[in-house]
Engineer: 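Handing you a structure now.
Below, read A as the first sequence line, B as the second, and so on, with proteins coming before strands; counting in each chain starts at 1. Below, each value reflects all heavy atoms present in this structure, side chains not excepted, and no hydrogens, waters or symmetry copies.
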There are 2 protein chains.
Amino acid sequence: MSARRTGRRPGSPDTREAILAAAREAFAERGFDAASIRAIATAAGVDPALVHHYFGGKEELFRAATAFPADPGRLLPAVLAGDRDGVGERLVRVFLEVWDSPVGAAGVALLRSAVSNDWTARLLREFLVTQVLRPVLDHLAVDPAQRPLRGGLVATQLAGLAMMRYVLRFDAVADAEPATLVAAAGPTVQRYLTGDIT
Amino acid sequence: MSARRTGRRPGSPDTREAILAAAREAFAERGFDAASIRAIATAAGVDPALVHHYFGGKEELFRAATAFPADPGRLLPAVLAGDRDGVGERLVRVFLEVWDSPVGAAGVALLRSAVSNDWTARLLREFLVTQVLRPVLDHLAVDPAQRPLRGGLVATQLAGLAMMRYVLRFDAVADAEPATLVAAAGPTVQRYLTGDIT
DNA sequence: GTCTATAGCGCGATAGAC
DNA sequence: GTCTATCGCGCTATAGAC
């Protein structure tokens, strides 16, 4: 899907998008460090220097490629609407929907890079906390003293799911139907959010 | 930084062990790709060429450094002994004990490297399946048709725990008491092993 | 046994020609 | 706007001197 620009664009209008798509894929596949501008440029059919021309540097390219296209502010209301006991299941369901979709590559890129790169790790932590965990815990009016731990536990299950399904590609998890994983992990997340964890 | 002495290191008691220790730490901290033999050699106070002399190559050094010193065959009996409903908790407890101990660095190295390196990912998958999941599922006599999924789910929770506690260092999880995490994640693992996941 | 030196590679980045 | 050419770097690995 490419947004067409109105008005005359110098050169090929799609070049920028092609670079971004190639970058997203490369970062998702190999992580920030291992992905190379040269390989991205080749995949996009352009010259490496052009990438610098458009984006300035590798970090800026990464940020542009992973700028989260799925605005959690738009998705969370659907998770939070409805009964309190169903938040866990709905959170896992939306999580899988996003990550299974094409934009999920940005998430994979972020996760894969966060493992061996400090500043992308911070990016991921902040995204998780401020965009996902905090709003959910707020909405459920969880005891503030328990929020860090409960949020962290939710993060372990979601991150583990993402790791096995998208990064390490553990067969049984990677090939499972979303509904199967929702049924399995939904109650876990629900318990971490509102259940008895002592 | 210049602890360097000219001439031959006399009677260095165990240069090999020093290199292995430095390697384990470097691989745990930065992953296979990002860790460099040069840095490892410097940390161990030896010349990079000496590392090659002892171990032959980077891959062999990695294998030597992560050769799992905690034999699961020795630890699993304690997990499996006892009531069937306590396997989840005991598995999480032993898991944390091993990873919190010095030898846990090998696990962190393996996990961190598996993310951006195909053959270390395979190493990790095989270790998980053959050394941990399969014996546990066998012992519990889980329906063979369900073993891949149930094993995969257990893997998501354990891997997520390891990611948050040791790799991404999500505060609430990294600083939590082992007992807290056992109480929280134990029942999850137990349910994935023997509970209702439909 | 240990170190110096270097080959050979891929990388990010940039200058400047068209 | 796009590309060629190149700089400077860090890496693994090896050859060979002490």
Side-chain angles (χ1 to χ4, degrees), chain A residues 5 7-27 29-66 109 112-113 116-120, chain B residues 1-20 22-27 29-66 109 112-113 116-120:
Chain A
R5 294 285 188 161
R8 183 174 112 74
R9 261 330 239 195
S12 162
D14 295 331
T15 303
R16 212 189 130 93
E17 264 314 307
I19 294 173
L20 272 182
R24 199 143 36 223
E25 188 172 349
F27 284 132
E29 196 115 341
R30 329 206 347 102
F32 179 81
D33 292 322
S36 80
I37 290 193
R38 287 148 116 108
I40 289 168
T42 301
V46 304
D47 190 275
L50 199 59
V51 178
H52 282 102
H53 178 254
Y54 276 132
F55 297 97
K58 197 181 181 182
E59 291 201 2
E60 284 131 296
L61 174 61
F62 182 84
R63 264 190 283 262
T66 57
R112 211 186 274 269
S113 304
S116 57
N117 197 281
D118 270 354
W119 74 266
T120 54
Chain B
M1 72 182 272
S2 305
R4 170 186 173 276
R5 303 289 307 142
T6 58
R8 131 202 177 90
R9 293 173 67 81
S12 101
D14 213 346
T15 306
R16 217 189 124 93
E17 263 317 306
I19 294 173
L20 272 182
R24 199 143 36 223
E25 186 173 351
F27 284 133
E29 196 114 343
R30 332 212 336 107
F32 179 81
D33 293 322
S36 81
I37 290 192
R38 287 145 114 107
I40 289 168
T42 302
V46 303
D47 190 273
L50 199 59
V51 178
H52 282 102
H53 175 69
Y54 277 132
F55 296 96
K58 197 183 183 182
E59 292 200 2
E60 284 131 296
L61 174 60
F62 182 85
R63 265 190 282 263
T66 58
R112 211 185 273 271
S113 303
S116 55
N117 199 282
D118 269 354
W119 73 266
T120 54

Engineer: Can you tell me how far P of C:dT2 sits from CZ of B:Phe55, to the nearest Å?
Structural biologist: 12 Å
Engineer: Is B:Tyr54 near enough to C:dG1 that one of its side-chain N or O atoms lies under 4.0 angstrom from OP1 or OP2?
Structural biologist: no
Engineer: Which pair of non-hydrogen atoms, one from A:Ala44 and one from A:Ala18, has the smallest distance, and what is that distance?
Structural biologist: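 That would be CB-O, 3.7 Å.
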Engineer: Can you tell me how far P of D:dA15 sits from NE2 of B:His53, to the nearest Å?
Structural biologist: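 In whole Å, D:dA15 P lies 14 Å from B:His53 NE2.
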Engineer: Distance check needed: D:dT4 P versus A:Leu50 CG, whole Å only.
Structural biologist: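 That distance rounds to 12 Å.
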Engineer: How close or far is atom P of C:dG12 from atom CZ of A:Phe62, stated in whole angstroms?
Structural biologist: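 From A:Phe62 CZ to C:dG12 P: 14 Å.
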Engineer: Just to confirm, is there a sub-4.0 Å distance from OP1 or OP2 of C:dG10 to any side-chain nitrogen or oxygen of A:Ser36?
Structural biologist: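 No, no such contact exists.
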Engineer: Just so I know, are the side chains of B:His53 and B:Leu50 near enough to count as touching, which here means a heavy-atom distance under 4.5 Å?
Structural biologist: yes
Engineer: What is the minimum heavy-atom distance between A:Arg30 and A:Ala35, and which atoms define it?
Structural biologist: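 Looking at all heavy atoms of both residues, the shortest contact is CB-N, 4.1 Å.
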Engineer: Whole angstrom is fine here: how far is it from CG in A:Leu61 over to P in C:dC11?
Structural biologist: 14 Å
Engineer: Which atom pair, heavy atoms only, marks the closest approach of A:Leu61 to A:Leu20?
Structural biologist: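 Minimum heavy-atom contact is CD1-CD2, 4.3 Å.
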Engineer: Without decimals, in angstroms, what is the distance between A:Arg30 CZ and C:dG12 P?
Structural biologist: 11 Å
Engineer: What's B:Ala35 touching, base or sugar-phosphate or nothing? Going by heavy atoms closer than 4.0 Å.
Structural biologist: sugar-phosphate
Engineer: Could you check whether any side-chain heavy atom of A:Phe27 comes within less than 4.5 Å of a side-chain heavy atom of A:Lys58, counting everything from C-beta outward?
Structural biologist: yes
Engineer: Does A:Asn117 have any side-chain contact (heavy atoms from CB on, under 4.5 Å) partners at least two apart in sequence or in another chain, and if so, which?
Structural biologist: A:Phe32, A:Asp33, A:Trp119, A:Thr120
Engineer: Detail all sub-3.5 Å separations between protein N/O atoms and N/O atoms belonging to nucleotides 13-18 of chain C.
Structural biologist:
residue, atom, partner, partner atom, Å
C:dA13, OP2, A:His52, NE2, 3.0
C:dA13, OP2, A:Lys58, N, 3.2

Engineer: CD1 of A:Ile19 versus C1' of D:dG1: gap in Å, rounded?
Structural biologist: 12 Å
